[in-house]
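Keep in mind that what you see is a predicted model, and the values were worked out from it rather than measured. What you see below is based on every heavy atom in this structure, not just the backbone, and it leaves out hydrogens, waters and symmetry mates.
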Amino acid sequence: MTGARWSGHWARPVEDGAAAAEVDVLVPTVGRPAELATTLAGLAAQTDVAFRLVLSDQSATQDAATVPAVAAMLRVLEAQGRPVTLLAHPERRGLAEHRQHLLEHASAPAVLFLDDDVWLEPGTVRRMLDALRDLGCGFVGSAVQGLSYLQDRRPHETAVFEPWDGPVVPEVVRRGTPGFDRLSLHNAANPAHVAAELDVAPGGWVPYRVAWVGACVVYDRDALEAVGGFGFWPVLPPEHSGEDVVAQWRVMERFGGAGILPSGAVHLESPTTVTDRRVDAPDVLFDDHETSTHRS
């Protein structure tokens, strides 16, 4: 199996020895069944790639997998021949710990960390995996875009867009370095506006330099584990943000990283579940006064 079984075969037993997953899709969730069901529906539309779903639930009042819409989408994935692993992880020790918990259950050569409030256009995961392999870097991200901002053009924020011209190479990004200014690229619907100007052919992609990418990032698993994954979680208080920034900056320093356009990832624009952001993980894990510059 290189992708999903079509519906004419759903009632047949899944054959033993089916192709191993190219990527493990790792989804942390807590208390958002409607958003989760939408995320899973987007995954079910990724018919051209073999993946396994690992879903880790920290919901306090109800098992997300028992909510009818979520349960239906899980049944669709299983009927398609997608292995599904459901994890209950009720003790909330922070975002980084939850991501590390998911990573420890991964076995595929690539891992896609996908937040539970992101819908993916069909073909998105295939493009991300192709880019990861072709670029030979540590991670590739599809920045989430808020389509309520589609008419809100922000050229002052997208002016920092810089395609990778040549191979993706390691670089250092910190506060105060030029690379940090790229964070504005992923505001609102900026990825959609830049992609429209690039006029990429359907199925194609353009790699570009990033500060980091939130909510939808595929890593080479060996590269992520080589820098320790999210194993830094014990030094953080349970209430924190920015754990993905730490992991990506560490991967970028050794293996390089990129975003790709078009993104294909849509943020559902639901209220965040991370309401206490007083502790930003990079401020704890990195020296704020570092003056390093990115290598090219």
Side-chain angles (χ1 to χ4, degrees), residues 21 23-33 35-36 39-40 43 51-65 70 84-118 138-139 141 144 173-174 211-255 257 267 270-288:
V23 56
D24 286 337
V25 181
L26 310 179
V27 180
T29 191
V30 55
R32 297 204 287 189
E35 290 86 349
L36 176 60
T39 298
L40 297 178
L43 284 173
F51 67 83
R52 177 174 70 114
L53 171 68
V54 184
L55 176 66
S56 181
D57 185 14
Q58 292 192 315
S59 301
T61 58
Q62 184 178 20
D63 180 355
V70 174
V84 173
T85 298
L86 301 177
L87 305 174
H89 195 57
E91 186 176 357
R92 301 185 66 178
R93 291 176 284 187
L95 299 170
E97 189 276 337
H98 201 186
R99 292 193 188 280
Q100 181 64 22
H101 176 70
L102 280 160
L103 181 59
E104 289 170 358
H105 285 82
S107 57
V111 291
L112 170 59
F113 277 94
L114 182 66
D115 284 2
D116 65 353
D117 59 350
V118 179
F139 73 82
V144 295
V173 175
R174 296 287 189 275
W212 67 84
V213 186
C216 182
V217 180
V218 62
Y219 296 86
D220 177 284
R221 184 166 63 88
D222 286 344
L224 180 57
E225 291 181 340
V227 301
F230 296 86
F232 52 82
W233 68 266
V235 306
L236 297 170
E239 298 298 332
H240 64 261
S241 61
E243 78 296 338
D244 47 352
V245 181
V246 172
Q248 287 174 43
W249 283 358
R250 287 179 169 177
V251 171
M252 289 170 76
E253 288 180 20
R254 290 184 57 182
F255 305 100
H267 188 237
S270 297
T272 181
T273 59
V274 185
T275 56
D276 187 343
R277 295 175 177 266
R278 288 174 293 179
V279 175
D280 194 18
D283 293 341
V284 178
L285 274 297
F286 298 103
D287 182 356
D288 245 352

Exercise for review: Just do the side chain to side chain contact (heavy atoms under 4.5 Å, CB included) check on Val227 and Glu253 with the steps written out, would you?
Suggested key: CA-CA 10 Å; Val227 301; Glu253 288 180 20; over 6 Å; no
Check your understanding: Val284 and Leu236: side chain to side chain contact (heavy atoms under 4.5 Å, CB included), yes or no, with the steps?
Key -> CA-CA 8 Å; Val284 178; Leu236 297 170; 3.8 Å; yes
Practice item. Let me see the working for Thr85 and His105 under side chain to side chain donor-acceptor pair (under 3.5 Å), right down to the final yes or no. Key: CA-CA 9 Å; Thr85 298; His105 285 82; over 6 Å; no
Exercise for review: Show the numbers, then the answer: is there a side chain to side chain contact (heavy atoms under 4.5 Å, CB included) between Leu224 and Val111?
Suggested key: CA-CA 9 Å; Leu224 180 57; Val111 291; 4.2 Å; yes
Practice item. Test side chain to side chain contact (heavy atoms under 4.5 Å, CB included) on Leu103 and Phe113 and set out the steps. Key: CA-CA 9 Å; Leu103 181 59; Phe113 277 94; 4.2 Å; yes
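Here the side chain of Asp276 pairs a donor or acceptor atom with the backbone of Arg278 at under 3.5 angstrom. A donor-acceptor pair under 3.5 Å is formed between the side chain of Thr272 and the backbone N or O of Val274. Here the side chain of Gln58 pairs a donor or acceptor atom with the backbone of Glu91 at under 3.5 angstrom. At least one donor-acceptor pair under 3.5 Å links the side chain of Arg254 to the backbone N or O of Ala226. Within the 3.5 Å criterion, the main-chain N or O of Ala281 finds no donor-acceptor partner in the side chain of Glu243.
Val173 places none of its side-chain heavy atoms less than 4.5 Å from the side chain of Val245.
Side-chain contact of Asp280 with His240: a donor-acceptor pair under 3.5 Å is absent, judged by distance alone.
Using cut-offs of 30° and 60° on the angle between ring planes, the pair Trp212 and Trp249 is perpendicular.
Every residue meeting the salt bridge (Lys or Arg N to Asp or Glu O under 4.0 Å) condition with Arg52, not counting sequence neighbours, appears here in chain and number order: Asp24.
Taking every heavy atom of both residues into account, Ser56 and Leu102 meet most closely at CB-CD2, 3.6 Å. Contact between Val251 and Ala223 at its shortest, heavy atoms only, is CG2-O, 4.3 Å. Between Gly228 and Gln100 the shortest heavy-atom distance is O-OE1, 4.0 Å.
Shown are Thr273, Thr39, Asp117, Asp115; of these, the side chain to side chain donor-acceptor pair (under 3.5 Å) with Arg32 is made only by Asp117.
Taking the charged nitrogens against the carboxylate oxygens, Glu104 and Arg99 have no contact shorter than 4.0 Å, which rules out a salt bridge.
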